[in-house]
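Side-chain atoms are counted along with the backbone in the values below, which use heavy atoms only and exclude waters and symmetry mates. Just so it is clear, the structure is predicted and the values come from calculations on it, not from any experiment. First the proteins, then the strands, lettered A, B, ... as listed; each starts at 1.
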Number of protein chains: 2
Amino acid sequence: MISQTEENYLKALFILANENGETGVNELSKFLGIKMPTVTSMMKSLADKNLVRYITYKPVILTVTGKKEAASIIRKHRLTEMYLVEKMGFGWDEVHEIAEQVEHVKSNALFDKMDEALDFPKFDPHGAPIPDKNGKIDFPDQRKLSECKVGETIQLSGVIHSSDVFLKFLNSKNLKLGTILTVQLIEAFDGTRELSYDERTAEILSEIACEKLLVQNLKHI
Amino acid sequence: MISQTEENYLKALFILANENGETGVNELSKFLGIKMPTVTSMMKSLADKNLVRYITYKPVILTVTGKKEAASIIRKHRLTEMYLVEKMGFGWDEVHEIAEQVEHVKSNALFDKMDEALDFPKFDPHGAPIPDKNGKIDFPDQRKLSECKVGETIQLSGVIHSSDVFLKFLNSKNLKLGTILTVQLIEAFDGTRELSYDERTAEILSEIACEKLLVQNLKHI
DNA sequence: ATATAAAGTTAGATATCACTAACAAAATTA
DNA sequence: TAATTTTGTTAGTGATATCTAACTTTATAT
């Protein structure tokens with residue numbers, strides 16, 4: 001049996017994994033807000049349970065089993081977020097904390113029912129992909145808004161590490177997933193962007209904000 | 001902050017409380033499946049937090065705060081059960097385990113939304129009363145089916161400590177909350193009952209089963 | 001009224017998950 | 001390459017929540 005605490009470590013490892021699928025202990029420690037020695041000892045215990053591959057002083061890698069468990073938790077989290085927004089009337093800025101708790105509920109039936117009620121969604125309310133029952137994720141072809149050039153017209157498709165403060169900020173600017181944006185100008189000295197969308201012709205967004213927004217090319221049907 | 005474990009003790013104390021609102025350590029221990037010494041030490045710690053009144057060798061009593069906390073958890077549990085049955089298509093025999101976990105979610109908003117979506121229900125799918133936001137419970141005028149005399153016609157209104165096995169058994173007999181029953185016969189030697197309801201004229205139920213069923217007098221409108 | 005049974009407590013052990021302090025290895029920079 | 005910084009580990013501590021073994025108190029029965 002995997003504890004709630006262990007599940008949180010696995011989820012973090014899944015989210016933080018870079019190209020090689022590796023994560024440093026320090027990175028994990030900062031992400032979880034747990035001190036490094038605690039993380040080190042947890043890595044040993046997860047390695048004993050065959051959920052991670054761990055050699056002292058080397059970065060940590062999820063095993064196949066660990067990856068599957070992690071994907072399952074992320075699936076539960078994202079389905080819950082989507083259910084709360086679509087079926088219960090919550091705002092996208094209100095669901096993270098609740099999903100953080102509901103994701104640990106041991107009942108496949110519950111999440112399968114959510115999945116069905118939502119007609120098997122591929123993305124959560126923040127545009128993050130939802131793993132299917134087998135742990136497979138359909139990564140969309142997204143890049144950061146901060147990487148777009150002047151003149152590009154793209155569609156807002158995701159939000160990174162969405163804190164509720166940031167999401168409320170987006171609400172105040174009327175920026176939603178699906179909004180079609182054109183980059184009008186990039187301020188050379190601080191990277192501030194001027195964007196147009198809807199009826200707004202010159203909305204200003206900081207570079208920091210643009211790094212947290214994911215966009216897709218428009219789909220020509 | 002009250003831990004999940006502590007919440008389970010409070011809930012148990014609320015449910016087990018007799019006339020005086022007291023519960024013995026042994027009774028609690030058996031109910032929770034936790035050994036007595038563990039229960040004793042938890043009672044000390046809950047007393048330190050002012051959630052119970054506890055004197056060694058005496059039964060335990062919930063304080064006003066403790067009672068309020070307990071009622072809140074029971075409210076969450078029963079609202080969840082009702083939501084799962086009414087809004088998500090689960091059977092009444094499938095929801096206890098899930099609610100047992102969801103009840104610990106820290107978010108009043110979640111349960112208030114359920115409450116609203118269900119139009120502020122007074123009872124859960126097993127006929128147990130749902131405390132309101134202030135912890136008040138509307139106890140219905142119920143007695144056990146085993147206490148009814150021959151010839152009485154009453155309405156099934158609740159099920160006690162509903163294990164899924166027992167609920168599946170009721171399903172198989174087509175017994176539901178609201179079913180109108182007449183006691184046709186009480187077998188003197190073992191208390192077996194013969195009941196009529198729907199088109200069934202002589203359904204047999206053991207005394208043990210009848211002790212787990214709660215009934216109300218018919219409401220003459 | 002004493003013996004026995006039931007209920008309850010104390011003491012000491014264990015597992016999990018967190019911490020700090022001190023040290024060691026690896027990476028970076030001068 | 002040597003010094004410094006960053007990263008990571010070890011050792012030891014503490015809180016929580018569980019257990020068993022041994023003992024005590026209260027209740028029950030003969």
Side-chain angles (χ1 to χ4, degrees), chain A residues 1-13 15-62 66 69-70 73 100-101 103-104 106, chain B residues 1-13 15-62 66 69-70 73 100-101 103-104 106:
Chain A
M1 188 81 308
I2 300 179
S3 74
Q4 213 155 300
T5 308
E6 290 169 329
E7 286 188 351
N8 285 332
Y9 280 90
L10 294 178
K11 192 177 49 148
L13 283 167
I15 290 168
L16 294 176
N18 356 358
E19 316 83 54
N20 343 315
E22 295 179 343
T23 312
V25 170
N26 188 247
E27 198 184 348
L28 236 189
S29 163
K30 280 177 181 151
F31 183 80
L32 290 170
I34 287 170
K35 293 282 154 40
M36 284 179 51
T38 309
V39 174
T40 297
S41 72
M42 180 57 89
M43 289 311 103
K44 284 179 182 167
S45 124
L46 290 179
D48 289 346
K49 295 185 177 183
N50 242 298
L51 294 164
V52 305
R53 202 82 44 208
Y54 169 66
I55 299 161
T56 45
Y57 295 107
K58 292 255 149 62
V60 187
I61 305 175
L62 284 168
E69 288 294 341
I73 302 151
E100 203 70 11
Q101 298 175 69
E103 71 189 4
H104 300 292
K106 263 79 181 163
Chain B
M1 188 77 314
I2 301 179
S3 73
Q4 212 156 299
T5 308
E6 289 168 330
E7 287 188 349
N8 285 332
Y9 281 90
L10 294 177
K11 192 176 48 149
L13 283 167
I15 290 166
L16 295 177
N18 359 355
E19 316 82 57
N20 342 315
E22 295 180 341
T23 312
V25 170
N26 188 247
E27 199 184 350
L28 236 190
S29 161
K30 279 176 183 152
F31 183 80
L32 290 170
I34 287 170
K35 293 282 152 41
M36 285 179 53
T38 310
V39 174
T40 297
S41 73
M42 180 56 90
M43 289 310 104
K44 285 180 181 166
S45 126
L46 290 179
D48 289 344
K49 296 187 177 181
N50 243 298
L51 294 163
V52 305
R53 201 84 44 209
Y54 169 67
I55 299 162
T56 45
Y57 294 107
K58 292 252 149 63
V60 187
I61 305 174
L62 283 169
E69 288 293 341
I73 301 151
E100 204 68 12
Q101 300 175 67
E103 71 189 4
H104 300 294
K106 263 79 183 164

In whole angstrom, what separates [X]'s [atom1] from [N]'s [atom2]?
X: A:Glu6; N: C:dT16; atom1: CD; atom2: C1'; value: 9 Å
X: A:Ile55; N: D:dT9; atom1: CD1; atom2: P; value: 11 Å
X: A:Glu22; N: D:dG8; atom1: CD; atom2: C1'; value: 15 Å
X: B:Asn26; N: D:dT25; atom1: CG; atom2: P; value: 18 Å
X: B:Lys49; N: D:dA15; atom1: NZ; atom2: C1'; value: 10 Å
X: A:Gln4; N: C:dC17; atom1: CD; atom2: C1'; value: 13 Å
X: B:Leu28; N: C:dG8; atom1: CG; atom2: P; value: 9 Å
X: A:Leu32; N: C:dA18; atom1: CG; atom2: C1'; value: 13 Å

Among [options], which nucleotide has an atom closest to any side-chain atom of [X]?
X: B:Val25; options: C:dT9, C:dC17, D:dT7; answer: C:dT9
X: A:Met42; options: D:dA17, C:dA18, C:dG8; answer: C:dA18
X: B:Lys35; options: D:dG8, D:dC19, C:dT10; answer: D:dC19
X: B:Pro37; options: D:dA21, D:dT7, C:dG8; answer: D:dA21

Taking NZ in B:Lys106 as the centre, count heavy atoms belonging to other residues, nucleotides or ligands within less than 6.0 Å. Is the count above 12? yes
Which heavy atom in [X] sits nearest to a heavy atom in [Y], and how many Å separate them?
X: B:Glu6; Y: B:Lys49; value: OE2-NZ, 2.6 Å
X: A:Glu22; Y: A:Pro59; value: OE1-CG, 3.6 Å
X: A:Leu16; Y: A:Leu28; value: CD1-CA, 4.0 Å
X: A:Glu100; Y: A:His104; value: O-CD2, 3.2 Å

Contact class for A:Lys58 (heavy atom, under 4.0 Å): base, sugar-phosphate, or nothing? nothing
Note: for A:Tyr57 and A:Ser3 on DNA chain C, the residue whose nearest nucleotide lies more 5' is A:Ser3
Look at the side-chain N and O atoms of A:Thr40 and state whether any lies under 4.0 Å from the OP1 or OP2 oxygen of D:dG8. no
Short side-chain N/O contact to C:dC19 OP1/OP2 from A:Thr38, under 4.0 Å: yes
Comparing B:Ser41 and A:Pro59 on DNA chain D - which has the more 5′ nearest nucleotide: A:Pro59
